[in-house]
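These notes are about the structure you will find just below.
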Protein chains: 2
Amino acid sequence: MPTDTTSARAPSGPRSLEHPDRADIRLAEVLHALADPMRLRIVRALAAAEGELNCADIELPVSKSTCTHHFRVLREHGVIRQLYRGTAKMNGLRREDLEELFPGLIDGVLRAAALQAGRLGEE
Amino acid sequence: MPTDTTSARAPSGPRSLEHPDRADIRLAEVLHALADPMRLRIVRALAAAEGELNCADIELPVSKSTCTHHFRVLREHGVIRQLYRGTAKMNGLRREDLEELFPGLIDGVLRAAALQAGRLGEE
DNA sequence: GCAGTCATACGATAAGCGTCGTACTACGGT
DNA sequence: ACCGTAGTACGACGCTTATCGTATGACTGC
């Protein structure tokens with residue numbers, strides 16, 4: 001049986017991950033987190049796959065350490081949620097929190113990103 | 001009679017200001033431009049005063065050079081439009097261009113900023 | 001237990017950014 | 001013609017960031 005993630009939510013062990021409380025999320029920081037092509041790509045991928053995604057499921061033209069870095073930025077600024085599931089780490093957008101704080105913002109950014117992607121090389 | 005701004009739109013004189021074409025505006029850059037508390041404040045002020053605003057009409061707790069810097073960032077990333085009117089420089093949001101490129105984005109950001117401002121110290 | 005895989009940590013590096021002060025330029029009024 | 005005001009240019013400073021490579025840690029499967 002794999003690790004029981006139910007009873008081990010955010011333990012203080014070596015594999016704990018800090019997420020900001022909803023009330024601590026700041027607009028400028030969210031925008032900053034989104035203001036990077038690589039991270040925008042990550043967020044788009046996470047939004048597309050409504051469920052959770054493994055880090056490696058998103059192909060990025062950067063090294064693994066850089067990838068980790070971007071995921072951390074997104075997490076620390078409250079854009080995504082990460083949790084360990086065995087050997088992998090699952091990532092998901094914090095849609096509910098963001099919607100509650102800044103209604104429509106994320107969807108606006110995602111729509112804008114999709115539009116621009118279509119306008120440019122249909123990435 | 002003051003300078004005839006009608007016949008002198010974007011002259012190549014010493015006081016010309018470069019604005020990116022609408023097609024050259026990039027989402028990541030717009031987000032980056034907005035991802036700063038000071039600039040967010042500027043944009044909010046410009047949005048509130050629907051018309052045009054003098055640089056000095058917005059009180060900012062930074063030096064004059066820093067102020068110039070922020071305005072330039074906003075202009076070069078396509079968020080605002082600046083033009084000289086005599087000794088002053090008028091600033092306005094590029095609402096139409098942004099709306100055309102990223103419909104709903106700016107309004108979403110502005111609403112989010114207003115919400116957060118209300119939530120925090122009612123700035 | 002051991003090896004493989006996924007991801008982190010850490011250090012390094014180079015670039016970028018926000019801030020400032022001072023010196024300079026352009027315009028308008030007196 | 002002068003001076004004051006509004007804004008820019010430039011250089012400097014310290015901090016943050018994006019990137020990498022390598023070494024390390026955690027879990028799975030053999």
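In what follows, every heavy atom counts, from backbone to side chain, and hydrogens, waters and symmetry copies are set aside. Sequence lines set the chain letters: A, B, ... in the order given, protein chains first and strands last, and positions in each chain run from 1.
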| remark: From CD1 of B:I80 across to C1' of D:dG7 the rounded distance in Å is 13 Å
| request: Grab the CG-C1' distance between A:L31 and C:dC17 for me, whole Å please. | output: 17 Å
| request: Write down the distance between CD (B:Q82) and P (D:dG7), rounded to a whole number of angstrom. | output: 10 Å
| request: Provide the closest heavy-atom pair for B:R39 versus B:H69 in the form atom of the first, atom of the second, distance. | output: NH1-NE2, 4.4 Å
| field | Nearest non-hydrogen partners of B:A35 and A:H32, listed with the distance | value | CB-N, 3.3 Å
| request: Of all the heavy-atom pairs spanning B:A47 and B:L93, show the shortest one and how long it is. | output: CB-CD1, 3.8 Å
| query | So do the side chains of B:L101 and A:L115 get within less than 4.5 Å of each other, counting heavy atoms only? | reply | no
Show each protein N/O and nucleotides 13-15 of chain C N/O combination with a separation under 3.5 Å, one pair to a line.
none

| Rounded to whole angstrom units, what separation is found between the CD1 atom of B:I42 and the C1' atom of C:dG18? | 12 Å
| field | Set of side-chain hydrogen bond (donor to acceptor under 3.5 Å, both in side chains) partners for B:R72, sequence neighbours left out | value | none
| message | If you define the side chain from C-beta out and look only at heavy atoms, does anything of B:E29 sit under 4.5 Å from A:P37? | response | no
Listed pairs, N/O of protein and of nucleotides 11-20 of chain D, under 3.5 Å:
from, atom 1, to, atom 2, distance (Å)
D:dA18, OP1, A:R39, NH2, 2.9
D:dA18, OP2, A:R39, NH1, 3.1
D:dA18, OP2, A:H69, NE2, 3.1
D:dT19, OP2, A:H70, NE2, 2.4
D:dC20, OP2, A:S63, N, 2.7
D:dC20, OP2, A:S63, OG, 3.3
D:dC20, OP2, A:T66, OG1, 2.7

| message | Quiz question: by atom type and distance under 3.5 Å, do the side chains of A:S65 and A:T68 form a donor-acceptor pair? | response | no
| Atom CG of A:L60 and atom P of C:dC6: how far apart are they, to the nearest Å? | 15 Å
| message | Using modelled atom types and a 3.5 Å cut-off, is there a donor and acceptor pairing between side-chain atoms of B:E99 and backbone atoms of B:G104? | response | yes
| request: Report the distance from atom CE of B:M90 to atom P of D:dA6, rounded to the nearest whole Å. | output: 12 Å
| task | Report yes if some heavy atom in the side chain of A:R22 is under 4.5 Å from a heavy atom in the side chain of A:E100; otherwise report no. | result | yes
| query | Taking CG from B:L74 and P from C:dG18, how many angstroms apart are they, rounded to a whole number? | reply | 10 Å
| said: Whole angstroms only, please: what is the CZ-C1' distance between B:R72 and C:dG16? | reply: 14 Å
